[in-house]
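Note sheet for the following structure.
So that the names make sense, note that chain A is the first sequence line, chain B the second, and so on, each numbered from 1. Everything numeric in this text was worked out from a predicted model, so none of it was measured. Both backbone and side-chain heavy atoms feed into the values below; hydrogens, waters and symmetry mates do not.
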Amino acid sequence: MSDSTPLLEVRDLAVHFHGRAGVARAVDGVSFTVGAGETVAIVGESGSGKSVTALALLRLIEPPGRIEPGSVIRFEGQDLLALADEPMRRLRGRRISMVFQEPMTALNPVFTVGDQVAEVARIHAGASRADAWARAVQMLAKTGIADADKRARDYPHQLSGGMRQRVLIAMALLMSPALVIADEPTTALDVTIQAQILDLLRTLQREAGSALLLITHDFGVVAEMAQRVLVMYGGQVVESAPVRELFASAAHPYTAGLLRAMPRMGARRERLEAIPGTVPPASAWPSGCRFRDRCPFAWDRCATEAPVPAEVAPGHVARCHLVSEPARRAAATTGATA
Amino acid sequence: MSGPAHPDVAPLVRARDLQRHFPVGGGLFRAPTGAIRAVDGVSLDIARGETLALVGESGSGKTTTGRLILHLDVPTGGTVHFDGTDLASLAPAPLRAMRRRMQLVFQDPFGSLNPRMTIGDTVKEGLLIHRLAEGAEADRRTRALLEEVGLRADWANRYPHEFSGGQRQRVGIARALSVGPDFVVLDEPVSALDVSVQAQVINLLMDLQKQRGLTYLFIAHDLSVVEHVADRVAVMYLGRIVELAPRDAIFAEPLHPYAQALRSAVPVADPTVRARRIVLAGEPPSPADPPTGCPFHPRCHHPARDESCARLVPPLEEKAPAHLVACHKQPPTTITWEAQQVAGATRQPERHLPVLALDARTD
């Protein structure tokens with residue numbers, strides 16, 4: 001693989017759910033890349049399509065959901081959507097792994113956590129039972145679990161939420177995969193534990209040289225972890241940029257609105273700036289721009305013409321008509337900061 | 001918006017030494033073998049018009065405290081006075097009447113509404129139960145309430161599943177307000193909501209407080225939203241309040257080592273820096289088997305922590321005006337050095353104020 005080829009390339013990814021009531025276009029034309037060792041965050045609210053995107057990368061979409069024809073997922077030079085089931089299964093856990101949000105449901109309650117970590121080594125590295133167990137204990141210790149050889153004999157329910165998340169991280173990183181996908185890995189945890197888990201994820205990722213695709217709703221997590229950010233709304237990437245650029249000069253009104261809606265330290269008893277309205281259902285996106293109903297700057301063009309991704313600056317792309325209308329954009333940004 | 005509670009004005013809510021111990025073990029013919037001390041000696045006042053935030057992580061007892069204050073759960077010890085009346089002294093009927101003045105908004109806008117009732121009927125129910133209105137008048141007031149919380153009056157005939165999380169939370173707020181309460185316990189009212197909607201609901205709650213002169217107990221699991229809504233903040237750990245202070249004090253200079261860690265865990269939305277966090281050792285202990293002495297001592301980072309912390313239960317005492325902290329290693333303290341030494345102390349108390357610094361992000 002040459003240096004210019006990204007580790008992961010997603011092009012025109014569409015995942016639609018074909019229900020009796022119609023088609024829900026949960027993910028609709030998503031394109032992005034992740035470089036080797038890079039940390040990319042996909043940030044969005046519920047219904048944005050961020051989690052469905054993550055599941056699609058692992059081909060874990062179940063009917064009535066379907067990855068639509070024309071979608072492209074290339075990973076380490078392979079076309080994942082053309083791969084047979086068996087090689088795909090071998091890929092999962094070995095080259096791409098996933099850390100889920102809710103560690104209680106992601107672990108099997110009837111096996112010890114050591115068995116579950118060891119199973120990864122047995123399946124993907126062909127390790128013997130004893131060897132796999134030793135590697136499991138070693139990996140659990142690396143995630144900061146004290147008395148790992150003893151804890152490995154515990155069942156998931158005997159561990160706290162933070163410990164269970166460490167177990168999932170041990171499973172995900174055991175094979176030093178090229179890509180780790182983490183879907184809201186700290187959302188279910190207490191705040192003082194969240195920071196520990198993020199630190200751990202970052203340390204182990206760096207050690208293994210893995211790329212990290214972090215799915216989150218939390219701009220605090222984005223600011224702390226990501227190098228590049230994709231903001232999703234309505235099943236589409238509405239803005240993507242290097243993390244500093246995004247926080248310093250968000251170009252899409254949705255991104256700017258989310259950043260302003262965040263409660264911030266130091267802002268005392270001020271009104272928060274809310275984004276009016278709610279996310280429409282995936283079966284009923286508005287015509288034109290999907291954010292226009294909630295956008296303070298929308299005009300007629302936004303209803304009739306769907307915006308396409310437009311370059312704001314090198315590496316910074318926004319799906320908004322304002323990008324191509326500098327006069328309006330200037331007026332909108334002054335209005336927003338006034 | 002009123003400031004902190006004034007000693008010369010009677011508070012609307014006064015809780016003293018509240019306890020809720022749940023028996024564990026035992027069986028039909030066997031005595032319980034122990035107790036989970038979900039709430040273990042909580043005292044607080046809430047002034048009229050004030051918002052007191054009660055912050056703690058899972059298992060800290062914050063939700064149970066809220067329920068005890070409303071007498072939805074009966075304390076195993078301690079008292080709650082509401083507007084001067086001891087709630088334990090009330091017979092069921094007067095207690096129900098009193099409840100009209102104290103309401104609860106739940107965290108989960110999905111589980112807390114009856115899916116078979118229209119939102120109009122849900123909001124109207126309180127009016128009918130408390131005989132505040134009936135017939136066309138009840139309908140009229142229901143529609144007015146829906147509009148007051150930012151919903152459309154003609155949605156009264158719709159069912160909860162037709163609404164988003166934020167809209168359902170508005171229904172829950174309208175239901176609480178329908179009976180005209182003075183005091184509302186908000187149990188993590190925005191934790192389940194998306195960021196853009198969170199802001200809408202917080203603004204609504206603050207507007208309603210201003211318009212109706214409401215008093216809030218705002219329960220939260222972290223400090224990030226609290227700064228926007230609270231006048232004072234109480235931090236709970238393992239069933240006890242470890243720090244209780246005016247909002248500015250707790251954000252600028254938290255004194256309890258646990259509150260310091262909680263403060264340092266607030267995410268910083270700035271990609272050029274990384275917060276220097278206080279990393280706590282270990283995991284929160286179980287309330288069924290709490291540590292002896294100070295409940296926080298096994299995870300504490302205070303440099304003067306010593307043997308006495310495992311033996312003495314530090315009282316919640318004033319370290320600065322209106323700033324209460326339960327830590328005998330943060331001076332001043334009423335626990336004398338002699339008393340600490342008797343309990344095995346080897347290190348003199350000293351002010352520990354870890355710098356909540358930001359480092360430049362280099363990756």
Side-chain angles (χ1 to χ4, degrees), chain A residues 39 44-48 146 159-163 189-196 198-199 202 206 217-227 229 242-248 254 257-281 294, chain B residues 1 51 56-60 163-167 190 193-204 206-207 221-231 247-248 251 258 261-275 277-284 286 299 356 361 363:
Chain A
T39 298
E45 300 182 288
S46 36
S48 64
L159 302 179
S160 69
M163 295 261 247
L189 304 176
D190 277 336
V191 279
T192 54
I193 306 292
Q194 281 181 11
Q196 295 176 15
L198 290 179
D199 280 346
R202 197 165 46 225
R206 206 168 290 164
H217 71 281
D218 185 341
F219 270 108
V221 173
V222 173
E224 177 154 348
M225 300 284 286
Q227 291 160 328
V229 190
V243 66
R244 290 183 187 205
E245 166 113 6
L246 189 91
F247 278 76
Y254 176 63
L258 273 185
L259 286 169
R260 281 198 304 272
M262 258 188 78
R264 273 172 200 264
M265 278 299 181
R268 301 281 152 90
R269 287 211 83 132
E270 287 167 10
R271 277 184 79 77
L272 290 163
E273 275 190 65
I275 299 176
T278 49
V279 182
R294 305 177 70 191
Chain B
M1 222 56 61
T51 298
E57 298 182 288
S58 41
S60 63
F163 295 97
S164 68
Q167 289 168 330
V190 298
L193 304 178
D194 277 325
V195 178
S196 68
V197 178
Q198 246 184 30
Q200 296 173 10
V201 172
I202 286 178
N203 287 341
L204 172 67
M206 289 171 71
D207 291 345
H221 67 271
D222 65 35
L223 283 169
S224 57
V225 169
V226 163
E227 192 171 17
H228 281 272
V229 299
D231 295 300
R247 176 206 45 208
D248 289 356
F251 280 92
Y258 175 66
L262 212 53
R263 169 69 182 80
S264 83
V266 176
V268 180
D270 180 349
T272 62
V273 297
R274 199 164 270 151
R277 295 228 169 76
I278 298 167
V279 176
L280 297 180
E283 305 264 333
S286 155
R299 305 176 73 198
L356 300 171
R361 210 187 121 175
D363 61 332

- request: Apply the test side-chain contact (heavy atoms from CB on, under 4.5 Å) to residues Asp270(B) and Phe247(A): give CA-CA distance (whole Å), side-chain angles for both, the deciding distance (0.1 Å), then the verdict.
  value: CA-CA 7 Å; Asp270(B) 180 349; Phe247(A) 278 76; over 6 Å; no
Of the backbone (N, CA, C, O) and the side chain (C-beta and beyond), which part of [X] lies under 4.5 Å from a heavy atom of chain B, both, or neither?
X	result
Val229(A)	neither
Gln196(A)	side chain
Met225(A)	backbone
Ala226(A)	backbone

statement: Scanning both residues in full, the closest heavy-atom pair of Ser264(B) with Ile278(B) reads OG-N, 3.0 Å
- line: Checked Val197(B), Asp207(B), Val226(B) vs chain A; the most non-hydrogen pairs under 4.5 Å come from Asp207(B)
task: Decide side-chain contact (heavy atoms from CB on, under 4.5 Å) for Glu224(A) and Val268(B); before the verdict, give the C-alpha distance in whole Å, the side-chain angles of both, and the deciding distance to 0.1 Å.
output: CA-CA 8 Å; Glu224(A) 177 154 348; Val268(B) 180; over 6 Å; no
Which portion of [X] sits near chain A, non-hydrogen atoms under 4.5 angstrom:
X	value
Thr272(B)	both
Ile202(B)	side chain
Val195(B)	both

message: Between Glu57(B) and Thr192(A), is there a side-chain donor-acceptor contact under 3.5 Å, judged purely by atom types and distance?
response: yes
query: Backbone N or O of Leu280(B) within a donor-acceptor pair of the Arg299(B) side chain at under 3.5 Å?
result: no
- prompt: Quick check: does any side chain N or O of Glu45(A) sit under 3.5 Å from a backbone N or O of Ser196(B), one acting as donor and the other as acceptor?
  reply: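 Side chain of Glu45(A) to backbone of Ser196(B), a donor-acceptor pair under 3.5 Å: yes, one is there.
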